[in-house]
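Protein chains get the first letters and strands the later ones, always in sequence-line order, with residue 1 at the start of each. Since the model is a prediction, treat every value here as computed from it, not as a measurement.
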Number of protein chains: 2
Amino acid sequence: MPGYDPSAFPPFAVTVDLVVFTVRDKHLQVLLIRRGVAPDQGRWALPGGFVLVDEDLREAAVRELAEETGLTLRDVHLEQLATYGAPKRDPRMRVVSVAWLVLAPDLPSPTAGTDAADASWRPVDDVLEDARLAFDHATIIRDGLGRARSKLEYSSLAASFCPVEFTVAELREVYETVWGIRLDPRNFHRKVTGSPGFLAETGETTTRGGGRPAMLYRAQDAVLNPPILRT
Amino acid sequence: MPGYDPSAFPPFAVTVDLVVFTVRDKHLQVLLIRRGVAPDQGRWALPGGFVLVDEDLREAAVRELAEETGLTLRDVHLEQLATYGAPKRDPRMRVVSVAWLVLAPDLPSPTAGTDAADASWRPVDDVLEDARLAFDHATIIRDGLGRARSKLEYSSLAASFCPVEFTVAELREVYETVWGIRLDPRNFHRKVTGSPGFLAETGETTTRGGGRPAMLYRAQDAVLNPPILRT
DNA sequence: GCAAAAGTGTTACCCTTACACCCATGT
DNA sequence: ACATGGGTGTAAGGGTAACACTTTTGC
C-alpha cells in the first residue's frame, strides 16, 4: 500500500445517528423522526445527519442533538455506540453511520422549538415490534437498548435519565423500567445510598409522589464497582 | 434536509484498523506494523486498510486480518471497538477509521507468509509508554485494552487467547496477564469449572507445564452471568 | 385516623476467600 | 523419594434477599 492516491479508494458519506432514550410514563422511549422523503418515506427513523468537513464525530453528534432535540451535553449522557456500514444500507449511496447513544431525562417538551416537527417519543418495545423503521435503524436501536441495559448494571448512568435532583424512588423506577423487572424498594435504597461516589445529598426533600418526604440527591461520579442488585 | 445532493456532503475515506492482542511470554502483546512511508514513516502503526466499495465493515476487518496476519475467524475473536474520525488525525485527508478488537491465541508465527514483513508483536505496556505510534493509534490501543480487560470479567472471552484445547492453568494465566494480578489457582479452578456453559471437557489430559496431568478443555458458549473472581 | 411512600433492622442464605490437604505425574 | 503443579474440602466473612417494622407526610 504505497502513498495514497485519491482515486485509489472509494468515497463514502459519513453520518451520525442518534439513539436518544428517555424514561417516560413507566416506559423506555426512543426519539424518532418521521421521514418526509424517499427512500423509506413515511417511516420512522433515528435523528441524525451528515458529518461536516472539519467536524469531529462527537461534535457532529452534539450538533445534531442540539438541532433536532434542543438538548445539550449539560442535559444528557452521550457515548459512541457502534458504526454501521453495510454496502446497501442506504440504497442511494455508500453511507457509513456512526451511531451514538444518548440517555436523557424526561424534560418538558424536549423537541419543541426545533425544526424537526415530526419528532416524537415512541416506546422502544412497540417500535421494535412493528419495526417499520427506515434503513437498519431497528438494528441500531436494538444495539442501543442492549448497551443501555448492560451499562446500568455497573455504572451510575441511570441518573442520566433523572432530572438534576431526584429521589431514590425515581432512580429505582429507571432501573425497573429499563430492565423490565421489579426491585425491592428497601434493599435498593440501602444499596444506592451505601455506594460511595454514586449519590450526593442535597439536604432538601420532596413530597412529589406522596407519602413521607423523600431525600433529594444529585448524581456524583460515574462508575461504581459492585453491580446494582437485580432481583 | 431534502433529498441528497452528491455535492452537498464532504467525501470521506473509510478504513479499518485492527487491535490484535495475544498473550505471549506472560505479557499482553499487540500486533504492530512499521510504517514504510510518510507520514509517520518509521513509526509503529496498527494493521489496517481501506474499506472496499462493496464491502461491509466487518468483511473489511476480516480481509485485512487475513492479509496482514494470516488469521481467520476460526482462530480469533473479533468485535467492533470504536470509530475514530478527528478531522486532522491523518494529515493528508479526511479519514474515518473503524477500529476492531481481535483476541488471538499465541499461534506459531502468525505473521509468517504475509506481505507485511515488518509486523511484530510488542508488549502493550511498553508500546503505550514510549508511544511513538502513528496517528491516533495509541488512543485506539488504549481503548482496546480497556475493552479487553472489562470484557474478560463478564464473558468467557479469555478462552480466545488460548489454543483450541487448554488447561485451567493456561486460562488462568490469561486473566493474570491481562489484568496484571494474581489469582488463587484453587479457587479459580473451582470457579471456571463450576460455571455452566463456560468450559467443555475433552476427556484428555496433558502434562505440558509439569506436575500432575491437567484436564484439557474447550471453550463452549460466550457469555456468563456472574463475573470471574479478581482477588 | 388512615393510606402511602420513605427509610431502618434483622436474619437466613450464598458466594467469595483463604488455606489445609490430597492426587498424579516427571525425574 | 521428592518436586511440581492439579484438584478437593472446609470454614470464616461479607454481601444479597426477604420481610417485619418504624417514620413522616397528605387527606
At less than 4.0 Å, is any side-chain N or O atom of A:H189 found next to OP1 or OP2 of C:dG7? Yes or no.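 True: A:H189 side-chain N/O within range (under 4.0 Å) of C:dG7 OP1/OP2.
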
Quick one: [X] [atom1] to [N] [atom2], roughly how many Å, whole number?
X	N	atom1	atom2	answer
A:R172	C:dA6	CZ	C1'	10 Å
A:M215	D:dT23	CE	P	19 Å
B:N187	D:dG6	CG	C1'	14 Å
A:L216	D:dT25	CG	C1'	15 Å
B:Y217	D:dG6	OH	P	11 Å
B:D184	C:dC19	CG	P	9 Å
B:R182	C:dT17	CZ	P	16 Å
B:E170	D:dG7	CD	P	11 Å

So, B:R58 and B:D56, do they make that salt bridge, N to O below 4.0 Å?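 Looking at B:D56 together with B:R58, the answer is no, because their closest N to O distance does not fall below 4.0 Å.
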
Basic-acidic side-chain contact under 4.0 Å: B:D106, B:R24: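 Looking at B:R24 together with B:D106, the answer is yes, because their closest N to O distance falls below 4.0 Å.
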
Is the gap between the ring centers of A:F188 and A:Y175 under 6.0 Å?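 Yes, the ring of A:F188 comes within the 6.0 Å limit of the ring of A:Y175, centre to centre.
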
May I ask you to decide if B:L81's main-chain N or O and B:R147's side chain share a donor-acceptor pair within less than 3.5 Å?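 At least one qualifying donor-acceptor pair exists.
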
Salt bridge (charged side-chain N to carboxylate O under 4.0 Å, His left out) partner of B:R218, chosen from B:E204, B:E165, B:E201: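 Going through the options one by one, the only one that passes is B:E165.
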
Closest approach to the side chain of A:R190, judged atom by atom: which nucleotide of D:dG9, C:dG7, C:dG9 is it?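 Looking only at side-chain atoms, A:R190 lies closest to C:dG9.
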
Check every atom of D:dA18, D:dG7, C:dG7 against the side chain of A:V168 and return the nucleotide holding the closest atom.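 So the side chain of A:V168 is nearest to C:dG7.
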
I would like to know whether A:Y84 and A:F135 meet ring-ring contact (aromatic ring centres under 6.0 Å, His included); could you show each step before the answer? CA-CA 11 Å; A:Y84 303 82; A:F135 311 117; over 10 Å; no

B:R122 to B:W44 six-membered ring, cation-pi geometry met (6.0 Å, 45°):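 Ring-cation test returns yes.
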
Using a cut-off of 4.0 Å between protein heavy atoms and nucleotide atoms, how would you tag nucleotides 21-27 of chain C 5' to 3' with B, S and -? B-BBB--

